[in-house]
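Here's the structure we're looking at; comments come further down.
Only this structure's heavy atoms are used, side chains among them; waters, hydrogens and symmetry mates stay out.
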2 protein chains.
Amino acid sequence: MVTTDGENAIIRSDCHTRRGLELIADQWTMLVIVALHRDTKRFSQLHAQIEGISKKMLTQALRGLERNGLVKRVVYPVVPPKVEYSLTPLGLTLIEPIQALRAWSEQHIEQAEQARVVYDQQDRKSLQDDIIALIQQRANGSLESQGR
Amino acid sequence: MVTTDGENAIIRSDCHTRRGLELIADQWTMLVIVALHRDTKRFSQLHAQIEGISKKMLTQALRGLERNGLVKRVVYPVVPPKVEYSLTPLGLTLIEPIQALRAWSEQHIEQAEQARVVYDQQDRKSLQDDIIALIQQRANGSLESQGR
DNA sequence: CCGTATCCAAGGGGATACTG
DNA sequence: CAGTATCCCCTTGGATACGG
């Protein structure tokens, strides 16, 4: 009996994939990398460019990227302060896989969101059904107690 | 004056990329997709295969994937219950970009983690320096108050 | 300008027990 | 087996104020 098995291997918590995901698998980190694609940027530029990110979250994402050698941080000792962020050579290697994700989003996100609409409609529908069934039950209950 | 500008465009909260990231950019979802790569799997199989995931988190990830049309859920009305999960055609299209991330991890994760060790060492070092400086300050302080 | 420090409300997520 | 429900702690993340 031949078991290729590769598909059923345990995805260990210390496998390369998971350690990789720990670095970038959140809502902000990949966006910061996208924003730094090609250009060096200042903190305030990034903050303005990524809609909705707070300073706290931006700082957090940048620190994580810097810590893992994906982003370089350069402080200019001037007043007012000036700090520039850029991708390191290692950080640049992430552009390709992230672009793949962006391309997927361009092509497929609408289909996924349409599926979601259908799913949520079904959800609401069965919720309604449940409520109707519940009302039926209660109605029967009061009829019974009236009957006795 | 020519401004290509493409690099400085605002990353809007409703752009395709961000809507795509909302679907999969967390610690578990992509792993579930990886686990379902090729094979249909039962809930318990997935739970066993993805080390460290709780039933709650697995359920949550699967519901999200199902909701967005990336995973198909089939319930067999038998005792004991049996539920099978598999990637939809749409879900299958995600394999490629995710494989790109896995490949990146294989190639680069060690370099990133080495950078992290260096970064953390520097952190500890400057913390030590700060403590030393603090002790110096206090020592000077007590000398001054003694002097008077 | 580029953050850090602090406070605080909201929710994430584990442990456990329970159901069909 | 495949979840759901509940409790509860602890983290997350926004708002605000402050510091270099």
Find the distance [X]:[atom1] to [N]:[atom2] and express it as a whole number of Å.
X       : N      : atom1 : atom2 : result
B/Ile50 : C/dG13 : CD1   : P     : 15 Å
B/Tyr85 : D/dA2  : OH    : C1'   : 7 Å
B/Leu62 : D/dT4  : CG    : C1'   : 15 Å
B/Arg63 : D/dA2  : CZ    : P     : 12 Å
B/Arg73 : D/dA2  : CZ    : P     : 10 Å
A/Phe43 : D/dG20 : CZ    : P     : 18 Å
B/Glu66 : D/dG3  : CD    : P     : 9 Å

Notebook entry, point to check: For B/Ser44 and D/dA2, is the shortest distance between a side-chain N/O and OP1 or OP2 below 4.0 Å?
Noted result: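 True: B/Ser44 side-chain N/O within range (under 4.0 Å) of D/dA2 OP1/OP2.
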Check: Think A/Arg42 has a side-chain N or O under 4.0 angstrom from the OP1 or OP2 of C/dC1?
Finding: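 Negative; the distance criterion is not met.
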Next item on the list: Pick base, sugar-phosphate or nothing for B/Pro80, based on heavy-atom distances below 4.0 Å to the nucleic acid.
Entry: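 Answer is sugar-phosphate: B/Pro80 comes under 4.0 Å of backbone atoms only.
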Next item on the list: Enumerate the residue pairs fulfilling ring-ring contact (aromatic ring centres under 6.0 Å, His included) with a member in residues 18-76 of chain B, sequence neighbours excluded, ordered by first and then second residue.
Entry: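 Checked against ring-ring contact (aromatic ring centres under 6.0 Å, His included) - neighbours excluded - no pair reaches residues 18-76 of chain B.
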Item checked: Side-chain donor-acceptor pair present, B/Arg73, B/Tyr85, cut-off under 3.5 Å ->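 Per modelled atom types, B/Arg73 and B/Tyr85 side chains form a pair under 3.5 Å.
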Margin query: I'd like to know if the side chain of B/Glu84 pairs up with that of B/Thr40 as donor and acceptor (distance under 3.5 Å, no hydrogens or angles considered).
Written below: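 Note: B/Glu84 and B/Thr40 side chains miss the donor-acceptor criterion.
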Next item on the list: Kindly indicate, with the supporting measurements, whether the criterion salt bridge (Lys or Arg N to Asp or Glu O under 4.0 Å) is fulfilled by A/Glu113 and B/Arg19.
Entry: CA-CA 9 Å; A/Glu113 288 176 348; B/Arg19 280 149 64 196; 2.7 Å; yes
Checklist line | Given A/Thr88, A/Leu23, A/Val32, the one that forms side chain to side chain contact (heavy atoms under 4.5 Å, CB included) with A/Leu65 | finding: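 With A/Leu65 as partner, side chain to side chain contact (heavy atoms under 4.5 Å, CB included) holds for just one option, A/Val32.
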Check: Is atom NZ of A/Lys72 surrounded by more than 12 heavy atoms (other residues, nucleotides or ligands) closer than 6.0 Å?
Finding: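 Result for NZ/A/Lys72: open.
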Pull out every protein N or O sitting under 3.5 Å from an N or O of nucleotides 10-17 of chain D, one pair per line with the distance.
| residue | atom | partner | partner atom | Å |
| --- | --- | --- | --- | --- |
| D/dG13 | N7 | A/Lys56 | NZ | 2.9 |
| D/dG14 | OP2 | A/Ser54 | OG | 2.7 |
| D/dG14 | N7 | A/Lys56 | NZ | 3.4 |
| D/dG14 | O6 | A/Lys56 | NZ | 2.4 |

